[in-house]
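To start, I am sharing the structure in question, which I have written as structure tokens.
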Amino acid sequence: MKSASEQLELIRRGTEQIVPMDALVKKLERSIATGKPLRVKYGIDPTGFDVHLGHTVPLRKLRLFQELGHQAVLIIGDYTAMVGDPSGRDESRKGLTREQIEANAQSYLTQIGRIIDVNRAEVVYNGAWFSQFRFSDVLALTSQITVQRMLERDDFTKRIKAGTPIYLSECLYPLMQGRDSVEVRADVELGGSEQLYNLMVGRHLQADAGQEPQVCITMPILKGLDGVKKMGKSLGNYIGVGESADEQFGKTLSIPDTYEIIDETGQKQTRSFMKEWFELLTDRSPAEIAKLVDPVKTHPMEAKKRLAMDIVTTYHGEAAALAARAEFERRFSGRADPTEIPEVAILRSELNDGKIGIVRLLVLLGIASSNKDAKRLLGPTSGVTIGPERTKITEANTLIELTDGLVVRSGSKKVFRVRLTDA
RNA sequence: GGGCAGGUGGCAGAGCGGUCAAUUGCACCAGACUGUAAAUCUGGCGGGGUAACCCUACACAGGUUCAAAUCCUGUCCUGCCCA
């Protein structure tokens with residue numbers, strides 16, 4: 001087992017806050033002395049299906065704890081999901097049905113298995129205790145915190161200012177999450193930076209229950225593909241852990257290198273966005289990362305390819321990562337069609353004299369969502385091309401001589417091969 | 001429970017009887033240029049039609065009018081103030 005200071009160095013890497021730090025040191029030292037692993041809690045609400053890289057940030061930290069010999073405790077928030085976490089959102093979340101929660105939880109565990117060792121983790125549903133709660137228990141829980149303290153949190157302040165509703169049930173959320181910590185006797189709880197408040201409530205409740213309070217570790221929020229907003233399902237700026245190697249590679253290459261912020265003094269500052277991803281999504285050491293994101297030492301493009309390789313390797317292995325890189329270079333640098341062009345079946349009955357209108361074709365291929373949409377893609381700035389000669393189509397009333405195997409492109413990303421069928 | 005204000009496209013936010021499929025900004029999509037980066041420029045951003053034009057949409061349901069996102073009534077929802 002590694003020494004406390006060695007463990008601490010690894011744990012600290014990429015974190016935002018550890019409160020209180022000295023308590024963590026103490027816990028680590030005691031764990032080494034007694035041989036008892038720390039119980040590290042991480043809660044997830046089964047509200048959706050796709051686990052994306054944003055979720056992997058705390059999960060990777062959880063895996064680190066596992067690797068250091070500690071006990072991961074996964075809370076599936078089936079009850080908290082019915083409330084909806086107010087953290088970092090400007091609107092309340094609708095409750096989900098039990099069936100949805102059940103299905104989501106299973107899907108989550110499968111996906112999470114790509115990052116942590118689920119078999120070695122303790123997995124518990126918080127419904128296990130909340131379903132047993134009596135009203136008197138709820139009252140006892142709600143007596144633990146004042147309205148003032150609840151309202152002082154930033155999320156609520158913002159919503160009050162903006163005039164968006166806050167439901168009473170949402171105030172229960174931090175209390176429920178805190179109660180989970182009491183139930184599983186957590187030593188450490190992980191969460192995103194917006195979780196700090198919720199994590200602190202856990203400390204409060206544990207202390208009140210006569211337990212040693214947990215250490216709260218928050219991880220920075222991972223920004224999405226746009227380099228601006230938090231990576232999220234609803235924003236469509238995410239990379240899913242279940243996506244193909246090519247998709248993950250391509251999406252990573254499309255992220256901005258840097259972004260600008262305005263600091264307190266009103267000065268514009270340029271920050272490296274790639275650096276953030278390296279820190280939060282790869283195991284590279286700070287020294288390696290510094291070298292990679294320095295444009296003088298490493299060409300930004302090469303750095304980004306490394307980043308993409310690292311990410312793809314995590315989920316698909318090194319061979320797939322190499323292949324994805326080769327495919328990317330061939331396709332975009334070499335301006336070639338993808339190796340595997342998706343085929344779309346088109347009925348011969350759609351043809352008239354062996355021909356089809358370009359608008360209809362684009363809709364049938366799924367490139368355009370409607371005729372109007374198809375027409376928008378055409379016009380003088382059209383990026384629609386067909387066949388090996390990449391004939392550019394600009395007129396909406398063009399008739400295409402449609403043959404089996406014809407390749408139709410819209411830009412370089414949407415490429416399809418026509419497969420003519422009879423039935 | 002009472003008073004006041006308000007609900008418009010993904011968001012913000014104009015419009016307040018016809019000229020409104022709805023100004024503008026952001027976001028988003030496509031193209032040029034690139035490193036599928038940034039910056040910049042161009043075009044687009046409800047559906048059908050080659051087009052003229054038609055349909056559906058401004059919380060919901062009715063009504064007034066030749067004509068409603070715009071006026072009236074009711075319902076639902078939200079905020080603020082009072083209780």
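Below, chains carry the letters A, B, ... as their sequence lines are ordered, and counting in each starts from 1.
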Query raised in the report: Can a side chain N or O of A/S370 be found less than 4.0 Å away from OP1 or OP2 on B/G47?
Result: yes
Query - B/G47 and B/A51, which share atom name P, separated by this distance in whole Å - result: 14 Å
Requested in this report: Determine the sole option in A/V184, A/V124, A/L109 for which the side-chain contact (heavy atoms from CB on, under 4.5 Å) test with A/L74 is passed.
Outcome: A/L109
Requested in this report: Using Watson-Crick or G-U wobble geometry with both distances below 3.5 Å, tell me the partner of B/C4, or none.
Outcome: B/G79
Query raised in the report: Under a 3.5 Å cut-off for both distances, is B/C28 Watson-Crick or wobble paired, and to whom?
Result: B/G44
Requested in this report: Determine the Euclidean distance between corresponding C1' atoms of B/A59 and B/G79; express it in Å to zero decimal places.
Outcome: 16 Å
Query - Interatomic distance, A/L362 CG vs B/G48 P [rounded to whole Å] - result: 13 Å
Query raised in the report: A/L190 and A/Y42: which non-hydrogen atoms are nearest, and at how many Å?
Result: O-CD1, 3.5 Å
Report task. Determine, for A/Y259 and A/K223, whether the Lys NZ or Arg CZ falls below 6.0 Å from the six-membered ring centre while staying within 45 degrees of the axis. Result -> yes
Requested in this report: Rounded to whole angstrom, note down the P distance from B/U73 over to B/U64.
Outcome: 15 Å
Requested in this report: Whole angstrom is fine here: how far is it from CZ in A/F332 over to P in B/A37?
Outcome: 10 Å
Please list, one pair per line, the donor and acceptor atoms closer than 3.5 Å that link side chains of residues 355-369 of chain A to other protein atoms, with sequence neighbours excluded.
residue	atom	partner	partner atom	Å
A/R360	NE	A/E350	OE1	3.1
A/R360	NH2	A/E350	OE2	3.0
A/S369	OG	A/D373	OD2	3.3

**Report entry** Euclidean distance, atom NZ of residue A/K275 to atom P of B/A38 [Å, nearest integer]
**Finding:** 21 Å
Query raised in the report: Once you round it to whole Å, what is the distance between C1' of B/A38 and CG of A/L225?
Result: 15 Å
Query - N/O donor-acceptor pair under 3.5 Å between A/D257 side chain and A/M274 backbone - result: no
Query - Value in whole Å for how far the P atom of B/C45 lies from NZ of A/K375 - result: 12 Å
Query raised in the report: Should the pair A/F328 and A/F249 be assigned to parallel (<30°), tilted (30 to 60°) or perpendicular (>60°) ring geometry?
Result: tilted
Report task. Scan A/R331, A/R390, A/K414 and name whichever one has a salt bridge (charged side-chain N to carboxylate O under 4.0 Å, His left out) with A/D337. Result -> A/R390
Report task. Between B/G13 and B/G6, how far apart are the P atoms? Round to whole Å, please. Result -> 14 Å
Query raised in the report: Using the P atom in both, what is the distance from B/C26 to B/U40, to the nearest Å?
Result: 11 Å
Query raised in the report: Do A/F65 and A/I116 have side chains that get closer than 4.5 Å, going by heavy atoms?
Result: no
Report task. To the nearest Å, give me how far apart NZ (A/K372) and C1' (B/C54) are. Result -> 10 Å
Query - P atoms of B/C33 and B/A21, separation to the nearest Å - result: 38 Å
**Report entry** Most 5' of A/S369 and A/T258 on RNA chain B, judged by nearest nucleotide
**Finding:** A/T258
**Report entry** Sequence-aligned protein contact record of nucleotides 26-35 of chain B, with B where the base is within under 4.0 Å of a protein heavy atom and S where only the sugar-phosphate is
**Finding:** -----S---B
Query raised in the report: Within a strict 4.5 Å, meaning less than it, do heavy atoms of the A/R179 and A/F130 side chains meet?
Result: yes
Requested in this report: Using the C1' atom as the reference point in each nucleotide, state the distance between B/U50 and B/G62 in Å, no decimals.
Outcome: 41 Å
Report task. Rounded to whole angstrom, note down the P distance from B/A38 over to B/A14. Result -> 32 Å
Query raised in the report: What's the verdict on ring pair (Phe, Tyr, Trp, His ring centres under 6.0 Å) for A/W129 and A/F133, showing C-alpha distance, side-chain angles and the deciding distance?
Result: CA-CA 7 Å; A/W129 44 90; A/F133 253 47; 9.1 Å; no
Query - Distance in angstrom units between A/I239 CD1 and B/U36 C1', rounded - result: 13 Å
Report task. For A/V363 and for A/S254, find the nucleotide of RNA chain B with the closest heavy atom, then tell me which residue's nucleotide is more 5'. Result -> A/S254
Requested in this report: Find the partner of B/A57: check Watson-Crick (N1-N3 plus N6-O4 or O6-N4) and G-U wobble (N1-O2, O6-N3) distances, both under 3.5 Å, and reply none if neither fits.
Outcome: none
**Report entry** Whether A/E302 side chain and A/H299 backbone form a donor-acceptor pair below 3.5 Å
**Finding:** no
Query raised in the report: Given atom CD of A/E327 and atom P of B/U36, what is their separation to the nearest angstrom?
Result: 14 Å
Check nucleotides 76-81 of chain B for protein N or O atoms closer than 3.5 Å to its own N or O atoms and list the pairs.
residue	atom	partner	partner atom	Å
B/U78	OP1	A/Y167	OH	3.3

